[in-house]
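Data first, discussion second: the structure below is written as structure tokens.
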Amino acid sequence: MEVLLSVAVPVPIYGSFDYRIGTSAVPAPGCRVEILFNHRTLIGIVVSEAREPGETEPLSRFRPIERVIDAEPLLSPAMMALGQWIADYYHHPIGEVLTALLPVSLRRGEPAQLRATPAYRLTEGGLAALDRLPARSQRLRALLEALRDQGAVSRAGLNGIQGIAASLRRCLDEGWVELAAEALPSPIRLAESELPQLTPDQARAVEALEAAGSGFSTHLLQGVTGSGKTEVYLRAIARAIAHGGQVLLLVPEIGLTPQLLDRVRERFGEMVVDGYHSGLNDAARGQVWLRAASGRLPVVVGTRSAALLPMPRLALIIVDEEHDTSFKQQDGLRYSARDVAVLRGSRENAPVILGSATPSLETLQRVQAQRYSLLRLPRRVRSVDPPRLQLLDVRGQPFQQGLAPVLVAAIERHLQAGGQVLLFINRRGYAPALICHDCGWTATCTHCDARLTWHRGRGRLICHHCGARQVPPAACPQCQSTQMLAVGHGTERIEETLRTRFPEARVERFDSDRLRSVRALQALLKDTREGRVNILVGTQMLAKGHDFAGLSLVGVVDADQALFSVDFRAVERMGQLLTQVAGRAGRAGQRGEVIVQTHQPDHPALRRLIEASYDGLAALLLHERAEAQLPPFSHLALLRAEASTEQNAMDFLDAAGACLPTLPGVQKLGPVPAPMERRAGRFRAQLLIQALDRVALHRALTPWLPLLDTLPGARGLRWSIDVDPVDLY
DNA sequence: AGCACGCCGACT
DNA sequence: GTCGGCGTGCTC
């Protein structure tokens with residue numbers, strides 16, 4: 001006797017597939033199974049209960065399930081429901097979504113086996129020995145005290161202690177320390193008197209969160225840089241894990257700033273917290289996933305994909321820097337970790353805290369609509385006023401390699417006063433173009449519609465869109481002139497200019513070209529914090545999270561780029577970036593200075609930012625978005641197509657547009673060739689769908705997308721749908 | 001996606 | 001004559 005089961009298969013096809021299996025071993029929904037699918041073996045996930053075949057479907061029409069991998073569901077009913085919601089909302093095939101919920105090791109079919117992490121624990125004898133220990137036994141004391149204070153600690157958690165290997169051996173031999181059987185990690189509980197004193201603002205936020213209770217509610221914690229958001233997070237976490245709850249703390253893809261993870265470890269103990277990010281190998285990620293799924297891991301600090309971790313006892317989700325665009329996945333399943341976090345809060349009945357100094361307009365709009373509460377930390381903990389931005393009108397100014405004399409003078413003044421200076425320029429390389437002085441020829445990418453950036457240090461022209469690189473021509477390929485000019489300024493060139501102008505200062509460049517490894521960045525950051533660097537030149541890499549106590553001047557080389565962008569979110573992002581960069585200045589006692597170079601000193605958005613800070617700018621932008629019916633006042637989905645010719649891509653999108661269901665409040669914009677039509681040798685075009693309400697958007701998309709593969713133009717073409725796109729190109 | 005089938009060019 | 005190019009179709 002056999003029955004049928006629906007199995008979600010990791011292929012880009014909507015829907016799931018039916019397989020047969022004997023009634024003696026029917027796997028439950030959420031179990032992995034091995035199946036033959038179109039001439040190959042794949043691992044799928046059971047998505048239905050067993051059913052009897054109908055009259056018209058003989059069993060012989062179905063393939064058998066080859067192997068059942070899990071005896072118990074790997075994905076809980078809650079996770080299966082989350083997967084189904086994500087598949088429906090982002091219009092992505094269920095098989096690929098459910099696979100995305102698993103770590104790579106489990107996708108490959110490895111057994112779901114949680115290895116016990118050996119942990120060391122102090123014995124009674126050890127506690128007694130601690131009192132009798134001679135004063136000179138400092139290393140032993142450090143180890144015993146760490147174990148006394150933290151309960152059970154893994155070997156990795158002891159690595160910071162001097163001479164740990166020898167001390168541990170001695171303690172085990174003496175019976176002072178034993179290997180603990182895997183125990184529920186118990187968070188350290190500090191007495192009120194051991195906790196940092198809260199500022200009145202922090203105390204208000206903590207109280208408001210407590211008053212909101214343990215059920216679902218969403219809060220925007222808006223705190224300026226240095227206002228102590230982390231301490232508020234820690235208090236909320238303490239409450240959530242006190243009775244066995246689990247906490248998800250999502251951070252942007254900075255990976256370079258483990259401070260938050262360290263703070264959580266320090267406060268609650270090393271066994272209580274795991275990180276989940278791209279720095280871990282597949283095996284380690286798999287173990288964190290399984291620990292989270294077991295309900296015995298209290299806290300995970302992780303990047304975007306951590307929003308998809310199973311947390312059976314979820315009691316709190318925090319999204320730090322919620323405005324950060326790295327929470328949106330930019331390929332494949334294009335989900336927003338922030339939005340998934342809020343959704344999980346509501347489905348799994350847990351509070352959600354969104355933290356930012358510069359919240360996204362989407363979040364601010366929900367605060368205005370009173371769907372989210374607002375908790376503000378308007379003051380810095382150490383009561384230095386945040387720096388004031390000032391615009392520097394550079395029109396007609398004699399530029400010195402992109403820097404106006406007023407800015408150069410300010411740099412000199414701050415250096416002489418012993419301050420550090422940060423120059424922000426969001427453009428890598430030496431110059432964004434190389435041009436022939438005699439005929440105007442410029443170096444362009446052979447695969448993309450883009451100019452090549454001149455990387456002088458490496459002696460190469462590099463395409464920032466596809467990565468192609470070439471040796472610059474010795475003479476102009478068009479007129480054989482040797483007069484090639486570098487036009488515009490990137491980090492390399494600003495660095496060079498400053499080295500020449502301030503030869504006595506140490507100038508360091510912070511960008512992804514120079515700092516390939518986390519280690520290199522850490523080393524340079526350490527040098528900077530310890531005052532050995534005088535001038536920092538860098539990209540957004542410098543805007544996030546790093547504290548420099550000696551920084552007194554921030555210069556923004558070019559604020560104008562964003563003002564002319566085709567992307568309607570560019571100004572919002574500029575405001576966030578400038579506010580974050582400015583927040584780096586003036587942290588040690590004196591108020592910092594921030595100088596923003598612009599050719600548009602009267603631009604309303606810039607003026608608003610200067611006069612009314614980010615909040616003022618956000619209010620202005622929200623007003624503009626409402627007028628223009630742009631998000632968050634409408635909802636978008638972007639259909640992208642990529643083909644070998646522009647005609648094919650456009651024809652496909654025309655055909656697609658023609659069969660879009662007509663619904664009130666839903667309109668299509670385009671199709672248009674993508675702002676950069678040709679990228680890595682393929683032609684791209686896109687069709688934007690705009691809807692006044694979300695329900696209408698989904699009513700249009702749901703029947704529409706399955707049609708697209710049947711269109712005649714779909715052959716040899718790749719298309720994808722992006723719901724709530726953040727980058728419109 | 002990825003694999004098979006199928007129908008056209010240059011090779012031991 | 002075959003090996004293999006990648007266009008088209010299909011996946012329970």
Whole-Å distance between dG9(C) C1' and Ile13(A) CD1?
-> 11 Å
Salt bridge present between Asp567(A) and Arg573(A) (N-O < 4.0 angstrom) | yes
Atom-pair distance (CG on Leu42(A); P on dC12(C)), nearest Å = 10 Å
Straight-line distance of Leu705(A) CG to His91(A) NE2, nearest 0.5 Å = 6.5 Å
Which whole-number value in Å describes the distance from Arg718(A) CZ to dA1(B) P?
-> 5 Å
Whole angstrom is fine here: how far is it from CZ in Arg63(A) over to C1' in dC10(C)?
-> 12 Å
Check the pair Lys328(A), Asp722(A) against salt bridge (Lys or Arg N to Asp or Glu O under 4.0 Å), reporting the backbone distance first and the verdict last.
-> CA-CA 10 Å; Lys328(A) 179 84 190 309; Asp722(A) 188 349; 2.5 Å; yes
Which is true for Tyr19(A) with a 4.0 Å heavy-atom rule: it touches a base, it touches only sugar-phosphate, or it touches nothing?
-> sugar-phosphate
Starting at atom CH2 of Trp719(A), determine the distance to atom C1' of dA1(B), rounded to an integer number of angstrom.
-> 13 Å
Quick one: sort the Phe17(A) and Phe37(A) rings into parallel, tilted or perpendicular, breaks at 30° and 60°.
-> perpendicular
Contacts under 3.5 Å, N or O only, protein and nucleotides 2-7 of chain B:
from: dG2(B); atom 1: O4'; to: Arg40(A); atom 2: NH1; distance (Å): 3.3
from: dG2(B); atom 1: N2; to: Asn38(A); atom 2: ND2; distance (Å): 2.2

Can you establish whether the number of heavy atoms outside Gln629(A) located under 6.0 Å from its atom CD is more than 12?
-> no
Nearest-Å distance for atom pair OH/C1', residues Tyr14(A) and dC10(C) = 18 Å
Rounded off to whole Å, could you give me the CZ-to-C1' distance for the Arg61(A) and dT11(C) pair?
-> 14 Å
Are Arg32(A) and Glu110(A) ion-paired here, with the side-chain N under 4.0 Å from a carboxylate O?
-> no
Between P of dC12(C) and CZ of Arg51(A), the distance in whole Å = 15 Å
